[in-house]
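Take a look at the structure below.
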There are 2 protein chains.
Amino acid sequence: MVSIKDVARHAETSFKTVSRVINGDQRVRPATRERVNEAIQALGYRPHSGARMMRSARSNIIGFLSDRVTTQPHSGDILRGAQQMADAHGRLLLLFNIDGEAGDDHRRRAFELLMEQRVDGLLYACDYHRDVELPPEMQQLPAVLVNGFSTTTALPALVPDERLAAQQATRLLLAEGHRHIAFLAPNPRSVATPLRTAGFHDALIEAGLEPSLMPVITACVGTPGGEEEYRVETALVQLMSEATPPTAILCGQDRIALQLYLALARRGLSPGRDLAVVSFDDQQPISGALTPSLTTMALPHLEMGRRAMTLLLDGDPPPETVTIPFSTTLGRSHRRA
Amino acid sequence: MVSIKDVARHAETSFKTVSRVINGDQRVRPATRERVNEAIQALGYRPHSGARMMRSARSNIIGFLSDRVTTQPHSGDILRGAQQMADAHGRLLLLFNIDGEAGDDHRRRAFELLMEQRVDGLLYACDYHRDVELPPEMQQLPAVLVNGFSTTTALPALVPDERLAAQQATRLLLAEGHRHIAFLAPNPRSVATPLRTAGFHDALIEAGLEPSLMPVITACVGTPGGEEEYRVETALVQLMSEATPPTAILCGQDRIALQLYLALARRGLSPGRDLAVVSFDDQQPISGALTPSLTTMALPHLEMGRRAMTLLLDGDPPPETVTIPFSTTLGRSHRRA
DNA sequence: ATCGGCTGTGACAACGTTGTCACGCTACTC
DNA sequence: GAGTAGCGTGACAACGTTGTCACAGCCGAT
């Protein structure tokens, strides 16, 4: 590899002057600077990050530790957002993904490897919104938690604002004039579920409606993030048999909405026209392929990734959990015909 | 940070001996080794990767350059697979994601940043199977292309075996006794489309059937990887109006299968029972939520990521494009009632 | 007893860079 | 015209590690 000394020789100056040019030191005569830059070009010189690191004790690298599988469908955007902002700040991202496997040991090893690389900070991302137990070592480093929170460790954290999103989603339906709305709740073992239910109720109360009159049915069971099973067909049967069936359904997640679309189609009914549907997540493979287009509250994964990195780099974030609003993806499924 | 000299002081030996212990040199007396290890533990010493790098000219880091958005739904598993094998080989992954934006400039910069980190090798991943134009600089480094190929640069590459997968999918239907099979083709601008069509025909010919008698209808138009529009409803109308309608449909991708499920439901028909359906991709959000469960050929993204990294690390891969077989996710949608 | 080799250890240089300090030159001030 | 400030430059040390070499102590062979 070509080093700073090779450049100096080529530009007929000392290697220290080359260092100055590289680092934008103003006290270099323009003519000299010119010669040095030419030499850099000619030789294809690239500064050696390892050597730099030794002097400066900074690596310009941020570790990205992802619990389980952040590279899965809906959470990959966290990584994408983090990378965008890292790049904007001239940092690189060192990725370490923990696939659930060995668990704590694997995670500890990951952490040590990142420490050896002298990463300047750490992002810890969860594959879905949840409570996460963190290794105490993590306190040694500036770190931000994304898409999760820790009840045992005080750390700045970003989570999606499930409650507000549910309120907004419900408002959409209320604005269309619906007064009988059902909620097909997602997995009861998910942290998001009570929050989304609460937001649903917030909006109802705000509109002067009685929450207890609105059916809430669990439409998904299983392990969050793992195998899940959907019970939308039976839920719909139940809803339709009520004295005054709902005219609108809030689906706790896009997969439930997908099932609802199918169940409606079997009855010759169409979302939007016959029954208003609003959902959560905006998982592209689903929301991009449904007709009529699905109105869904988009999980702010990209934004959380960006914000987390910004928080980490702009320094000194308070160890609090911040909620990030969803954005609204408007389709036709929530409209009255 | 605690350095090797601090450890030496604590263990009352020379820092060179500490270096020997760290690197597993046998010629250290067990008693000395013990003292050194204790000191390492006590001080929480971690070797400085930057300093190591300077001496050894190796970084143990592999660059992962992803064209556009590898962190999107179906291609994130490439990253996951690559990380698994990198970890197994004691390497770390430096991620750089190019979001399409500035394009070539951005990509060149990404490459230079990776070079500054002195990465030992490079993986270049595409978000969907396609022909990719590579910057000539990439030849400077051991590199492997994943989920794409280059007609301009000779480089080892891994792509999914679209043709074989289509043949296997069709065989599933033929094995169930179907003799009239239609193909709802994906985006004609995608590289996968002609290959999947060819595989479809391979299987038909193999079974002694006449390919030209089997309808092939384009069910998706738009920019591959971008905005796409589906035309499944009209395709189904067309198929059903034929003299002898197909008893089985091969869907070019899961999104098409999703639309087909909906179109069938509107007619009171059910996949599997009334019409056999087989698809491609195995996009979890869709395939995991459809009822009856979808039979779909799973894109080997995880496997490609793992193989690509293995190829890169085991060294000296020939500059050829290798195809990786899909795996078959069996559901109930291809079965005769 | 002397030699050669083997084992455990340490002194020192080197990797490529940046920080500190000092030097020589020009240009200004009195 | 001497003193002084500032500018451009270079010599040198230092960062934390590994490679090279040397040396001291011990063993067995001569």
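Quick caveat: nothing in here was measured; it's all calculated off a predicted structure. Convention: sequence-line order gives letters A, B, ...; per-chain numbering from 1.
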Mind calculating the distance between [atom1] ([X]) and [atom2] ([N]) to the nearest angstrom?
X: A/Gln117; N: D/dG16; atom1: CD; atom2: C1'; answer: 14 Å
X: B/Met54; N: C/dG16; atom1: CE; atom2: C1'; answer: 5 Å
X: B/Arg29; N: D/dC26; atom1: CZ; atom2: P; answer: 10 Å
X: B/Lys5; N: D/dT17; atom1: NZ; atom2: P; answer: 9 Å
X: B/Arg58; N: D/dT17; atom1: CZ; atom2: C1'; answer: 16 Å
X: B/Gln26; N: C/dT9; atom1: CD; atom2: C1'; answer: 16 Å
X: A/Arg27; N: D/dA5; atom1: CZ; atom2: C1'; answer: 14 Å
X: B/Ile4; N: D/dG19; atom1: CD1; atom2: C1'; answer: 13 Å

Look at all strands and tell whether [X] reaches a base, only sugar-phosphate, or nothing, counting heavy atoms closer than 4.0 Å.
X: B/Ser3; answer: sugar-phosphate
X: B/Ser56; answer: nothing
X: B/Thr17; answer: sugar-phosphate
X: B/Thr13; answer: sugar-phosphate

Assess whether one donor atom and one acceptor atom, taken from the side chain of [X] and the base of [N], lie less than 3.5 Å apart.
X: A/Lys16; N: D/dG8; result: no
X: B/Arg20; N: C/dG10; result: yes
X: B/Arg46; N: D/dG16; result: no

Next on the checklist: Whether the side chain of A/Asp6 engages the backbone of A/Val2 through a donor-acceptor N/O pair (distance < 3.5 Å, no angle test) should be reported.
Outcome noted: no
Checklist entry - Has B/Ser19 got a side-chain N or O lying under 4.0 Å from the OP1 or OP2 atom of D/dT17? => result no
Checklist entry - Counting just side-chain N and O atoms, does A/Arg52 come under 4.0 Å of either OP1 or OP2 of C/dG16? => result no
Checklist entry - Among pairs that include at least one residue of residues 132-144 of chain A, which meet salt bridge (charged side-chain N to carboxylate O under 4.0 Å, His left out), considering only residues two or more places apart or in two chains? => result A/Arg108-A/Glu137
Answer yes if the side chains of [X] and [Y] hold a donor-acceptor pair under 3.5 Å, and no otherwise.
X: A/Ser49; Y: B/Glu116; result: no
X: A/His89; Y: A/Asn60; result: no
X: A/Tyr128; Y: A/Asn147; result: no

Item to check | A/Arg46 with B/Glu112: basic N within carboxylate O range, under 4.0 Å | outcome: yes
Checklist entry - With a 6.0 Å cut-off on ring centres, are A/His106 and A/Phe96 close enough? => result yes
Next on the checklist: So that I can compare with my own list, what are the stems of DNA chain D, taken as at least three consecutive Watson-Crick or G-U pairs with distances under 3.5 Å?
Outcome noted: C:1-30 with D:1-30
Please set out all donor-acceptor pairs under 3.5 angstrom arising from side-chain atoms of residues 306-321 of chain A, sequence neighbours excluded.
| unit_1 | atom_1 | unit_2 | atom_2 | d |
| --- | --- | --- | --- | --- |
| A/Arg306 | NH1 | A/Gln84 | OE1 | 2.3 |
| A/Thr310 | OG1 | A/Arg306 | O | 2.7 |

Next on the checklist: Nearest heavy atom decides the nucleotide; on that basis, is B/Val28 or B/Arg118 closer to the 5' end of DNA chain C?
Outcome noted: B/Val28
Next on the checklist: Both A/Phe15 and A/Arg33 contact DNA chain D. Taking the nearest nucleotide for each, which residue is further toward the 5' end?
Outcome noted: A/Arg33
